Protein chains: 2
Amino acid sequence: MATINDLSEGEIGQNRLVYSPTWIEAQKQVIQWALKLGLTVTVDDFGTAYMDVPGTDHPDQVIATGSHIDTVAQGGRFDGLYGVLGGMQAIENLLVTEGHPKETLRLISFSEEEGSRFPDTFTGSKHYTGAKINLAMTDPDGIHFDDARQTAVAQLNLPGVKHDLPDLPDTFTELHIEQGPRLIDHQLQIGLVTAIVGQRRFTITVKGIANHAGTTPMDERADALEMAVTLISQLRDQAHQLDSGLTFTVGEMHISPNTSNVIPGLVTFTIDTRSNDEQILDNFEQIIHQVVAQHQEPKITSTVNRWAKSDVTHLDDQLLAANQKTADKLGFSSTQLASGAGHDSQIMAKVTRTTMIFVPSIDGISHAPEENTGQVDLLHGVELLTESLHQQAY
Amino acid sequence: MATINDLSEGEIGQNRLVYSPTWIEAQKQVIQWALKLGLTVTVDDFGTAYMDVPGTDHPDQVIATGSHIDTVAQGGRFDGLYGVLGGMQAIENLLVTEGHPKETLRLISFSEEEGSRFPDTFTGSKHYTGAKINLAMTDPDGIHFDDARQTAVAQLNLPGVKHDLPDLPDTFTELHIEQGPRLIDHQLQIGLVTAIVGQRRFTITVKGIANHAGTTPMDERADALEMAVTLISQLRDQAHQLDSGLTFTVGEMHISPNTSNVIPGLVTFTIDTRSNDEQILDNFEQIIHQVVAQHQEPKITSTVNRWAKSDVTHLDDQLLAANQKTADKLGFSSTQLASGAGHDSQIMAKVTRTTMIFVPSIDGISHAPEENTGQVDLLHGVELLTESLHQQAY
């Protein structure tokens with residue numbers, strides 16, 4: 001893992017944006033290790049690497065694991081990478097102790113998950129599962145996705161590597177750090193993921209009238225910030241009352257003219273809501289519209305715009321139950337939980353039976369240089385993955 | 001007034017920043033009109049023009065009126081300028097109808113009031129009243145106040161103009177637009193100013209912990225924006241309960257990192273409070289500290305910084321009473337009120353008996369191209385000023 005983490009640009013944190021020189025070197029390194037282990041390697045048009053141990057009895061039955069090696073800017077050492085290298089370790093363990101599997105074992109290193117370079121996310125798993133990707137999109141330097149993709153994929157044509165798009169697997173298991181504090185706070189070793197939360201993002205625009213902070217009496221103001229503060233308080237209370245598991249975040253806010261002695265005339269703020277229950281998200285979306293509608297005034301008007309929506313992804317119940325049994329057998333303390341962050345699994349789950357295994361993140365920090373997981377916890381995750389793949393493929 | 005308002009830079013609103021070419025031309029125009037009226041003109045080191053009709057009986061007793069001709073960027077046609085040209089009109093009226101006064105009548109066109117070019121305000125009246133001005137301060141283009149001042153003042157040395165700093169006057173009356181909606185809303189013709197409000201400005205800094213909007217449970221967040229919203233709501237309620245005349249404005253707010261899917265870790269916001277009662281301002285300042293202290297949490301800390309303070313300026317009671325009597329006699333509907341904005345009068349009041357006369361601003365708008373006052377209201381103000389100067393100087 002240190003070898004890959006040496007492949008990063010810049011001074012702070014991990015920087016392996018998709019198709020960048022450090023990403024290309026890292027993906028090449030993953031492929032070379034796989035070839036050395038004797039795995040059959042295929043690379044697709046997007047640079048995703050599929051590394052197979054063909055099954056002796058049912059080679060067409062594919063049991064897959066994996067994740068992505070791209071990072072956010074100034075990211076951590078584990079996000080994504082742990083699922084790729086942990087998967088490779090699990091396969092190596094099985095080859096050494098159990099020999100060749102009856103069904104094909106496949107390790108996948110997706111080209112891109114984070115959406116940190118181009119304005120789309122999960123393009124690796126989306127391409128694998130047949131979703132259309134906008135090849136014309138550009139990064140902040142104006143480089144087209146398609147140009148970057150072709151340049152990078154050409155460099156992955158190493159000796160012994162096939163170029164193709166393999167068939168979809170029968171199951172997919174993703175090993176990942178939690179990126180949140182629930183496991184670490186409750187001193188649990190393993191998290192078994194039931195679902196990946198749905199999320200919706202809104203912008204609320206409040207239009208009042210900018211005016212002089214000294215000469216405008218309090219009862220004659222149309223203060224957009226005062227209204228925004230009222231809306232945020234009420235919406236937060238409503239979110240809390242509706243469901244304690246519903247997350248509600250106002251992360252971005254813009255005030256105009258944003259001067260200490262002028263009453264704000266225009267305020268916009270975002271709402272990010274997530275839940276593992278689509279009905280809760282529907283209800284809360286209705287509440288947002290109701291609360292905003294209740295607060296229209298002659299001189300202050302507010303509008304709601306939903307600009308992002310992803311549905312709840314339910315992962316496979318059978319694989320979850322099997323992993324729970326295995327975790328118990330191995331003596332790991334565990335819980336079942338929903339993932340608040342998105343993962344390649346939410347794309348794979350649309351086309352195949354999918355499950356996820358979480359290990360704790362120290363202090364719940366991720367996507368930051370401080371992201372960390374204890375060595376023992378990392379090994380527990382690989383141990384559970386190994387056993388899960390063994391049950392499925394042998 | 002149209003002649004001066006033609007002297008403006010840019011397309012939008014009035015732009016006569018102090019010592020700019022348009023300001024120089026406007027101040028020259030004012031001086032030339034004064035000379036044509038037969039007034040004795042003196043210009044001081046800062047470019048303030050003092051235009052006198054010497055008194056026949058007590059030339060050392062000086063009854064002054066005036067205001068400033070500089071504007072904010074994209075300002076209105078009346079702010080400041082009305083008090084200078086209205087004062088000149090009043091003096092002309094008196095010379096025509098009453099002849100020369102017993103005491104000296106002085107019209108003052110202060111060099112600067114708005115603080116729109118250099119980082120100080122009221123530098124014209126401050127200089128006249130003996131306050132020290134930082135000559136080394138620079139405008140956004142890096143031009144030193146002292147260089148701009150010297151260049152401009154040199155151009156005001158017209159034939160017949162003396163260069164000196166006259167003695168302070170015995171009274172000062174400033175005619176001004178209200179810049180707020182109280183007169184226009186109550187359909188009143190004249191406002192008689194009792195005091196200029198004191199104001200205090202604070203910045204509240206709320207430090208929490210930035211974190212992932214999806215993976216951080218609601219009860220484990222240290223959301224700086226949530227805390228800021230709580231503080232703003234509570235402080236606003238407290239301000240309202242304390243005194244309905246206390247103005248409370250949160251005009252400026254900064255959120256970090258200001259991204260829709262990240263819980264804000266740092267929020268700063270400003271508070272602008274004004275009142276014509278120093279005790280109310282003291283009490284509210286204490287409340288700010290109390291409310292912020294009550295909301296300290298292990299993971300969220302808030303601090304208060306007061307960065308601006310100006311005390312309540314009480315204007316002269318006798319002049320106020322006399323103006324009230326005169327307004328009643330002239331049949332003007334009027335009210336006595338505090339000014340929520342600052343004026344040269346608050347500087348002059350430190351050294352001499354000072355009063356102010358307001359006329360209505362349409363829709364309460366000022367410091368904007370839409371700033372406007374009806375022609376009849378403008379004339380009422382001049383009429384009251386004429387009568388007031390007459391009572392004092394004849």
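Letters go in sequence order (proteins before strands), and every chain restarts at 1. Hydrogens, waters and symmetry mates are skipped; everything else that's a heavy atom, side chains included, is used. Being a predicted model, the structure only gives us computed values, none of them experimental.
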Using non-hydrogen atoms and a limit below 4.5 Å, what part of residues 243-258 of chain A faces chain B? A:S244, A:L246, A:T247, A:F248, A:T249, A:V250, A:G251, A:E252, A:M253, A:H254, A:I255, A:N258

For a 4.5 angstrom cut-off between non-hydrogen side-chain atoms, does B:I196 reach B:S345? yes

Can you tell which of A:Q199, A:H212, A:Q179, A:R221 has the highest number of heavy-atom pairs within less than 4.5 Å of chain B? A:R221

Among A:D219, A:V229, A:I209, A:I263, who wins on heavy-atom pairs under 4.5 Å with chain B? A:V229

In terms of heavy-atom pairs under 4.5 Å with chain A, the winner among B:N211, B:D272, B:V197, B:T259 is B:T259

A side-chain contact here means heavy atoms from C-beta on lying under 4.5 Å apart; do A:V206 and A:L225 qualify? no

Count the heavy atoms of every other residue, nucleotide or ligand shown that sit under 6.0 Å from CD of A:E297, and state whether that count exceeds 12. yes

For residues A:H176 and A:D79, is any side-chain donor paired with an opposing acceptor at under 3.5 Å? yes

For the interface with chain A, which of B:N261, B:I365, B:T270 has the highest count of heavy-atom pairs at distances below 4.5 Å? B:N261

Close side-chain approach of B:L231 and B:H295, heavy atoms under 4.5 Å: yes

Verify the ring-centre separation between B:Y82 and B:H68: is it less than 6.0 angstrom? no

Hey, is the main chain of B:F202 close enough, under 3.5 Å, to the side chain of B:R306 for a donor-acceptor pair? no

Please rank B:S339, B:A213, B:A308, B:A228 by heavy-atom pairs under 4.5 Å with chain A and give me the top one. B:A213

Under a 4.0 Å N-O cut-off, is there an ion pair linking A:R200 with A:E278? yes

At a heavy-atom distance under 4.5 Å, which candidate from A:H367, A:H240, A:E226 has the highest pair count against chain B? A:E226

Quick check on the interface: out of A:G364, A:G180, A:S260, A:G342, who has the most heavy-atom pairs with chain B under 4.5 Å? A:S260

So which part of A:E220 gets closer than 4.5 Å to some heavy atom of chain B, the side chain, the backbone, both or neither? side chain

Sequence-distant partners of B:F78, ring-ring contact (aromatic ring centres under 6.0 Å, His included), two or more places apart: none

Looking at A:E371 and A:R77, is any side-chain nitrogen of the basic one under 4.0 Å from a carboxylate oxygen of the acidic one? no

